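Here the structure is a predicted model, which is why all the values come from computation and not from measurement. Values below: all heavy atoms of this structure, side chains included; hydrogens, waters and symmetry mates excluded.
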Amino acid sequence: VQLQASGGGLVQAGGSLRLSCAASGRTLSSYVLGWFRQAPGKEREFVQREFVAAISLSGGTTYYADSVKGRFTISRDNAKNTMYLQMNSLKPEDTAVYYCAAKPTIISYTRAGSYDYWGQGTQVTVSS
């Protein structure tokens, strides 16, 4: 499956952005989906990317990092083969490249290394 992330941009602190992750090649309904991020100046192997959120196959269960809980909402529309990340009350420390990823099971959903497919990333910059 090929993933394409979009929706990043520059926003002031307290603002909102909505990221999208569109899939092609295979249906997303077969995959657990996640969002990860990589902050500037912290180049690292992809397996060390920071977990942000994940969503189960049906979308009925969601998981969040403590740092974004209550501010970010992950969702999916399997009919549109697309996943979303609604980001509200953004903070400068949310500045990063955001990546979407897919894996077949929910096991180890916080570990970037457990995901099989990755999108190319979209830049989110939050100014203070």
Which disulfide bond (SG atoms under 2.5 Å apart) pairs, counting each pair once, include a residue from residues 51-99, with sequence neighbours left out?
none
Can you pull out every disulfide bond (SG atoms under 2.5 Å apart) where at least one residue sits in residues 46-113? Sequence neighbours excluded, please.
C21-C100
What are the two closest heavy atoms between [X] and [Y], and how far apart are they?
| X | Y | answer |
| --- | --- | --- |
| P104 | L57 | O-CD2, 4.5 Å |
| R37 | S67 | NH2-OG, 3.5 Å |
| A112 | R49 | CB-O, 4.2 Å |
| V32 | Y115 | O-CE2, 4.4 Å |
| S16 | Q86 | CB-NE2, 4.0 Å |

For S56, all residues meeting side chain to side chain donor-acceptor pair (under 3.5 Å), sequence neighbours excluded:
none
What residues form a side chain to side chain donor-acceptor pair (under 3.5 Å) with Q123, not counting sequence neighbours?
T125
Between the side chain of R71 and the main-chain N/O of S89, is any donor-acceptor distance below 3.5 Å?
yes
Mind checking whether Y63 and T110 have side chains closer than 4.5 Å, heavy atoms only?
no
State, with a plain yes or no, whether a side-chain heavy atom of T27 is found less than 4.5 Å away from one of N81.
yes
Rest of the hydrophobic cluster containing L3 (Ile/Leu/Val/Met/Phe/Trp/Tyr, side-chain heavy atoms under 4.5 Å)?
V1, V11, L17, L19, L28, Y31, L33, W35, V52, I55, Y64, V68, F72, I74, M83, L85, M87, L90, Y98, Y117, V124, V126
With rounding to the nearest 0.5 angstrom, report the [atom1] to [atom2] distance, [X] to [Y].
| X | Y | atom1 | atom2 | answer |
| --- | --- | --- | --- | --- |
| Q38 | E50 | CD | CD | 10.5 Å |
| K91 | S128 | NZ | OG | 14.0 Å |
| L10 | S127 | CG | OG | 5.0 Å |
| Q120 | T122 | CD | OG1 | 7.0 Å |
| S108 | F51 | OG | CZ | 11.5 Å |

Quick one: do K69 and D66 satisfy salt bridge (Lys or Arg N to Asp or Glu O under 4.0 Å)? Show the steps, please.
CA-CA 5 Å; K69 201 171 295 183; D66 288 342; 3.2 Å; yes
Does the side chain to side chain contact (heavy atoms under 4.5 Å, CB included) test come out yes or no for K80 and S20, once each step is laid out?
CA-CA 11 Å; K80 295 183 178 180; S20 297; over 6 Å; no
Summary of salt bridge (charged side-chain N to carboxylate O under 4.0 Å, His left out) pairs that have at least one residue in residues 100-114, sequence neighbours excluded
none
